[in-house]
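The structure appears below as structure tokens.
Every chain is numbered from 1, with letters handed out A, B, ... down the list of sequences. Excluded from the calculations below are hydrogen atoms, water molecules and symmetry mates; all remaining heavy atoms, backbone and side chain alike, are included. It should be emphasised that the depicted structure is a prediction, and the values quoted were computed from it without experimental measurement.
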Amino acid sequence: MFKKILVANRGEIAVRIIRACREMGIKAVAVYSEIDREAMHVHLADEAHLIGPAPASESYLSGDKILEVAKKSGAEAIHPGYGFLSENGDFAEKVKQAGLVWIGPSASAIHSMGSKTEARKIMINAGVPVVPGTEGGVESIEEAIAFASQAGYPVLIKAAMGGGGKGMRVVRSQEEMPGALDGARRESINAFGSPLIYLEKYIERPRHIEFQVFADHHGNVIHLGERECSIQRRHQKVVEECPSPVMTPELREKMGASAVEAARACGYQNAGTVEFLVDQEMNYYFLEMNTRLQVEHPVTEMVTGVDLAQLQIHVANGKPLPYSQEDIEMRGHAIEVRIYSEDSLNNFLPHTGRIRYLRPPDGFGIREDSGVREGDEISIHYDPMISKLIAWAGDRESAIRRMDRALAEYRITGVRTTIPFGRLVMRNESFRKGDFDTSFVEREFEIEHLQAREKAWQKVAAVAAAWLRHHERGKGRHEENAHTVQVMSESSGWKARGRKTELR
Amino acid sequence: MFKKILVANRGEIAVRIIRACREMGIKAVAVYSEIDREAMHVHLADEAHLIGPAPASESYLSGDKILEVAKKSGAEAIHPGYGFLSENGDFAEKVKQAGLVWIGPSASAIHSMGSKTEARKIMINAGVPVVPGTEGGVESIEEAIAFASQAGYPVLIKAAMGGGGKGMRVVRSQEEMPGALDGARRESINAFGSPLIYLEKYIERPRHIEFQVFADHHGNVIHLGERECSIQRRHQKVVEECPSPVMTPELREKMGASAVEAARACGYQNAGTVEFLVDQEMNYYFLEMNTRLQVEHPVTEMVTGVDLAQLQIHVANGKPLPYSQEDIEMRGHAIEVRIYSEDSLNNFLPHTGRIRYLRPPDGFGIREDSGVREGDEISIHYDPMISKLIAWAGDRESAIRRMDRALAEYRITGVRTTIPFGRLVMRNESFRKGDFDTSFVEREFEIEHLQAREKAWQKVAAVAAAWLRHHERGKGRHEENAHTVQVMSESSGWKARGRKTELR
Amino acid sequence: MNTNGGGDAYRVEINGDVYEVEFRGKDGIVMIDGEEIQLDVRPKSVPDHYSMLGNGESYIIAVEPRDEPNQYRVHAGGYDFDADVISKREAFLRDYLRAAGVGKAEGRIKAPMPGLIIKIEMQEGEDVLQGDSVLVMEAMKMENEIKAPISGTLKELNVREGDAVEKGQILFEIVTSSDIA
Amino acid sequence: MNTNGGGDAYRVEINGDVYEVEFRGKDGIVMIDGEEIQLDVRPKSVPDHYSMLGNGESYIIAVEPRDEPNQYRVHAGGYDFDADVISKREAFLRDYLRAAGVGKAEGRIKAPMPGLIIKIEMQEGEDVLQGDSVLVMEAMKMENEIKAPISGTLKELNVREGDAVEKGQILFEIVTSSDIA
């Protein structure tokens with residue numbers, strides 16, 4: 001087994017991997033940018049090395065600096081986490097050429113699946129269903145309009161190198177096309193360094209259901225069930241669960257087989273996720289394959305009991321999968337709510353600032369995967385995710401109630417968060433019934449709904465705010481007139497203060 | 001289902017029960033003593049009512065005050081937790097007479113099992129194996145010596161009304177008998193209000209293995225597997241696990257059947273624990289039955305997936321058990337380490353103080369059941385337990401490594417804790433092999449062993465301590481000689497300080 | 001109206017709902033919309049937190065440090081509330097001024113975070129409707145549309161495409177017709 | 001011995017092991033037992049905690065507020081260490097005084113917590129062996145034996161059965177023969 005692994009990431013996923021290393025008796029080497037000297041992943045790692053200034057392009061995306069640290073520290077393998085270099089096939093290749101192990105799939109699999117158009121071709125050949133779309137990248141507005149006219153509006157513009165909702169636009173009519181193309185290209189360039197975009201038929205009100213797959217270097221490929229990820233805002237997942245509330249054993253077997261087929265078709269190794277769109281009639285279409293550990297992997301871990309991060313290291317070390325498909329058993333239900341530093345009252349705008357106080361909930365069935373602690377700064381440089389809160393219980397209804405309880409206990413001040421939004425989702429009737437799709441947030445959460453909270457709590461908040469104002473005024477006056485107050489008898493203190501107020 | 005439940009307890013178990021209520025949609029009413037206004041259970045409850053001064057005898061043990069609050073608040077049931085009134089049959093009876101539901105077994109079952117001597121008789125009749133002992137309470141020193149001479153030394157003195165190691169003494173020779181009898185009686189009077197003690201043959205190097213049982217009001221009784229609780233200091237459990245590393249499916253079936261028989265024999269209802277001593281030849285003896293939820297219940301929950309606190313409420317409400325014996329499936333391995341406010345370097349002496357900083361670890365498989373938070377005071381009035389840290393993993397070896405990782409991440413300052421002790425247990429060779437018994441702590445943890453920590457960390461601590469001293473001196477001098485320092489050029493600041501030191 | 005001389009009564013506005021809160025004497029008696037509550041509030045030793053017992057009901061409240069003197073962001077029960085607290089005296093004054101046509105709607109839009117202006121969708125002087133996208137800011141690798149919170153005329157568009165802005169910097173102002181009048 | 005004039009070198013004692021630690025200049029160079037370490041220590045914004053990077057190795061350290069000026073209780077790696085830190089100058093002085101027979105073993109036993117003395121097992125003037133139980137204190141509903149940390153003669157037994165004692169109060173003193181001599 002490896003003795004030392006470099007974790008080429010930051011935040012909660014770096015922490016997650018460092019813990020997996022620790023638990024396997026492997027030393028973990030962290031890298032950090034100048035503003036991350038005090039970050040949690042630096043503190044938890046066995047070693048930590050500076051790799052550059054705050055902007056990711058000069059630090060966490062700088063493969064050369066990371067390779068240098070790997071050599072200097074004697075690390076034998078590199079775990080990229082998700083984001084940053086995790087889906088950069090060229091870097092994976094460089095790692096290999098440097099004589100180190102890349103904890104992930106081969107460069108060729110990353111390249112194949114990284115190009116949405118190539119991935120589509122491979123899946124079509126392998127017999128995996130796909131959404132109708134342009135065969136290659138789209139350059140001119142005419143091409144785009146031609147496809148849309150043929151497939152019918154609405155269509156979806158996507159960044160060919162993209163992921164995470166960046167560079168994505170829904171176009172519902174020809175008039176919207178020019179602006180949408182411009183915006184998508186701009187984001188794609190900024191985020192992925194490429195203007196390449198393509199178009200797909202937009203499936204109305206689909207569910208987003210993905211399968212966790214795992215392949216070793218000995219030809220074994222299994223899946224670990226599905227995750228339901230339909231609750232999204234700005235095309236970014238925010239609430240995920242395992243299993244999907246609409247999954248049946250038969251459909252799971254069928255989709256699972258497609259997912260395994262997809263992995264085999266690209267010669268896959270290690271952990272991957274095959275994403276599907278599922279329409280209202282439960283037809284499913286290959287969407288894309290993420291060639292890395294997924295943000296929402298914990299819900300699968302809670303339900304299958306399999307430690308995916310440890311399994312990645314195990315498989316990368318050349319060992320065979322310790323599980324066959326029959327060994328994978330799902331127990332109970334798990335839900336994840338991503339806690340972002342965002343103002344859910346204000347259009348989910350990212351919110352920067354220092355975390356003044358942070359205390360997550362705990363107790364049976366509660367797991368927290370956190371990347372920051374009290375006193376840490378949420379900066380503009382990186383993803384504004386604070387942590388992932390996961391609730392497991394014997395059944396979906398109990399898991400929802402547990403998550404709701406846990407969110408109500410969660411305490412963060414200093415930044416605004418998606419916690420109130422998470423509570424509203426847990427209490428939403430459609431969500432509770434399992435009756436939702438990817439349009440859930442925009443359909444159910446008009447800004448007015450977000451502001452209309454439980455009136456009982458609103459009244460409590462009103463009393464608290466008044467008390468504070470009252471108290472502060474009292475304090476201020478007290479300091480101002482310390483002398484006057486001291487000579488008053490204690491019992492008449494309040495009355496005196498009242499009078500004083502009148503006089504100012 | 002109940003709409004409102006009063007939780008007649010404090011600390012982590014009150015929090016545990018309040019959370020169970022919340023997750024079932026039931027309002028939880030807390031009670032608190034004067035020094036507990038700021039306690040965590042008060043903050044998390046829906047309602048909180050003052051019941052008296054700090055000493056438990058005037059608050060948490062005052063059944064009448066608690067009943068008064070129950071009536072005033074409209075609670076329909078009382079959950080006693082563990083400790084305090086939980087095994088007080090008279091109070092259970094009073095609750096029933098007040099028209100409320102007692103979440104626990106009947107008064108008669110509590111009384112039967114509360115008297116160790118009566119419990120023995122019932123078990124003997126039911127065919128459950130017991131340790132040889134005096135038939136009734138022992139009053140004179142002559143009686144005690146007579147039993148010991150017959151059964152052979154060593155013998156064990158126990159408080160008839162006792163539990164939790166209080167009022168217990170091992171006697172290895174006749175000379176030790178008078179002092180041990182005195183001490184045990186004194187503790188028994190202080191802790192349980194009764195001087196009644198009895199004697200048993202002391203089983204050398206036994207394991208302490210207990211079975212979780214559950215009975216509904218419809219005659220169904222099941223067990224939920226065993227817990228290994230042999231790691232004790234001062235006869236008090238400090239590390240527990242599920243399953244036991246020495247258990248076999250055959251023995252589990254046999255001991256489980258005995259445990260169910262024990263519950264049936266006393267007409268048991270709700271959650272209970274049947275404790276056994278297991279000798280080196282794997283013979284087992286009934287030790288006692290705890291008629292309440294156990295401190296260490298989380299390890300059973302993690303492995304069986306069953307929420308025991310919610311199940312207690314469910315059964316107390318008159319509903320049948322939703323599980324048959326066949327439904328109970330054990331998956332993986334769970335370990336609990338109790339985090340006490342004690343100085344493990346100093347003979348486990350309880351340590352009082354204010355918690356200045358507290359941040360538990362998190363991540364996959366980690367659960368924390370906590371009763372206090374940062375800023376809370378550990379007082380002399382109550383049990384010095386801060387929290388319970390639980391680690392689950394697919395197998396025992398992984399659970400141990402996970403617990404070790406988590407303990408290393410745990411941060412508490414302000415009080416001394418059992419965290420360092422927990423780490424030493426996780427790294428102990430005998431513990432890792434599963435080769436231990438109740439004498440583990442005294443055999444493996446001489447004070448010298450406790451102090452001989454990993455030398456690498458000791459060196460780190462040495463550097464840190466020196467840095468602090470250096471830094472503090474720098475600061476002190478800086479303030480003292482602010483004027484002098486200011487006129488120095490910055491680059492020569494350090495040298496100047498060096499010289500200054502020489503002169504003082 | 002207030003036995004203590006008017007200084008201990010407040011008007012609290014949250015999401016358009018108005019609460020009248022009055023503190024009576026030192027025994028923790030509070031009147032909220034005419035209902036009497038026995039209130040016990042304790043600041044916690046951790047930042048921003050308060051424990052409240054109101055007639056035995058228990059609440060933990062967190063309050064964010066404020067940008068504006070009367071504004072409180074209160075976290076309660078897992079929800080967030082923006083509360084505007086003014087004393088009765090200030091409330092009378094505000095009502096009077098509003099009735100007299102003085103004062104201004106809150107049409108000054110500040111940058112919600114530091115970022116880069118990447119697109120301006122409207123021009124100064126244009127009429128905007130509530131919800132119209134006025135400009136696009138990039139921050140944290142995401143494009144964020146800044147929308148008009150009220151309808152009116154776009155004035156004082158203080159930024160240009162390519163500008164880097166600080167958190168709290170005024171981006172533009174929307175003036176309603178009543179402001180102009 | 002120390003290029004900076006001797007003021008930046010310390011002797012640290014933990015569990016009987018002695019470390020020599022010297023701080024050199026402002027570049028974070030530290031010598032520990034002759035080994036050179038590039039040290040970067042940052043006090044965290046949370047109480048008592050420090051982040052240390054030593055030659056790239058990362059450690060989180062917590063240090064308890066102290067009762068005694070030279071004593072530090074350090075939490076590191078999940079372990080607790082009691083460190084005694086003295087400057088080189090103090091170390092020379094201490095060694096000199098010890099060699100000259102001045103100074104005293106630490107035989108003064110303080111109450112580790114508030115509690116009640118329920119039994120005294122030995123009498124003043126008796127000889128005690130390390131590990132002997134001297135008295136029994138009750139605290140937190142448990143009986144706690146207070147044992148002799150060193151062998152010697154029991155002196156100044158300052159408490160009686162039934163006394164309530166405060167944390168830190170001196171209970172008794174054990175004088176070793178070398179102390180007496």
Side-chain angles (χ1 to χ4, degrees), chain B residues 166 183 186-187 190-191 234 343-347 349-352 356-357 359 380-384 404 407-414 416-417 419-420 422-423 451-471 473 493-495 497-502, chain D residues 4-8 10 12 14-17 19 21 23 25-26 30 32-33 37 39 41 46-50 52 54 59-65 70 72-85 87 89 112-115 118-119 136 138-145 147 167:
Chain B
K166 287 163 192 165
R186 203 165 46 227
E187 267 186 42
N190 287 346
R234 326 173 182 190
D343 193 348
S344 48
L345 292 195
N346 191 4
N347 203 24
L349 277 175
H351 195 250
T352 56
R356 289 168 52 87
Y357 182 76
R359 185 64 157 81
I380 57 162
H381 293 288
Y382 313 116
D383 223 49
D404 191 46
L407 286 169
E409 275 183 33
Y410 211 129
R411 314 244 169 273
I412 301 183
T413 65
R416 296 172 181 188
T417 72
I419 290 172
R423 277 212 84 183
Q451 281 169 345
R453 302 296 156 68
E454 276 185 77
K455 292 286 176 180
W457 280 109
Q458 184 168 296
K459 194 168 174 184
V460 169
V463 174
W467 187 90
L468 256 137
R469 174 91 201 264
H470 186 61
H471 189 73
R473 289 175 62 194
W494 279 81
K495 233 176 181 168
R497 268 181 260 171
R499 243 181 282 127
K500 189 79 202 163
T501 311
E502 277 195 310
Chain D
N4 288 334
D8 296 337
Y10 302 87
V12 184
I14 303 179
N15 294 334
D17 294 329
Y19 301 88
V21 184
F23 296 88
K26 59 179 176 183
V30 177
I32 173 158
D33 291 350
I37 295 175
L39 190 72
V41 182
V46 296
D48 310 325
H49 281 72
Y50 300 83
M52 269 176 58
Y59 307 101
I60 285 273
I61 304 296
V63 182
E64 296 282 348
N70 292 330
Y72 296 78
R73 159 83 53 137
V74 181
H75 305 280
Y79 300 105
D80 287 356
F81 299 95
D82 282 325
D84 183 41
V85 186
S87 69
R89 186 167 322 282
M113 68 211 134
I118 56 167
K119 188 140 198 196
V136 181
E138 193 194 68
M140 289 153 156
K141 312 278 167 231
M142 293 292 291
E143 292 191 3
N144 302 288
E145 289 187 1
K147 294 178 179 173
K167 182 177 170 175

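Here D:Val41 is the residue among D:Asp33, D:Ile32, D:Val41, D:Val12 with the most heavy-atom pairs under 4.5 Å with chain B. Taking chain D as the reference chain and counting heavy-atom pairs below 4.5 Å, the highest number among B:Leu407, B:Ile419, B:Asp343 is found for B:Asp343. For chain B, the option among D:His75, D:Arg73, D:Lys119 with the highest count of heavy-atom pairs below 4.5 Å is D:Arg73. With respect to chain B, the highest number of heavy-atom pairs below 4.5 Å among D:Gly16, D:Gly115, D:Pro47, D:Ala83 belongs to D:Pro47. Note on D:Val21, D:Asp82, D:Val46: by heavy-atom pairs under 4.5 Å with chain B, the leading option is D:Val46. Interface summary for chain D: among B:Ala462, B:Gly422, B:Ala408, the most heavy-atom pairs under 4.5 angstrom belong to B:Ala462. Per-residue heavy-atom pair counts under 4.5 Å with chain D were compared for B:Glu409, B:Arg186, B:Arg416, and the maximum is reached by B:Arg416.
You'll find the side chain of B:Gln458 stays beyond 4.5 Å of the side chain of D:Tyr79, heavy atoms only. Annotation: side chain of D:Asn70 is in contact with side chain of B:Arg469 (closest heavy-atom distance under 4.5 Å). Contact of the B:Leu468 side chain with the D:Tyr50 side chain is registered, since non-hydrogen atoms from C-beta on lie closer than 4.5 Å.
At a 4.5 Å heavy-atom cutoff, the contact between D:Ile61 and chain B is made by side-chain atoms alone.
Taking the six-membered ring where the residue is Trp, D:Phe23 and B:His470 present parallel rings, their angle staying beneath 30° rather than reaching 60°.
Salt-bridge formation is detected for the pair B:Lys455/D:Asp17: a Lys NZ or Arg NE/NH1/NH2 atom is positioned less than 4.0 Å from an Asp or Glu carboxylate oxygen.
Once rounded to the nearest 0.5 Å, the distance linking CG of D:Asp80 with CD1 of B:Ile412 reads 10.0 Å.
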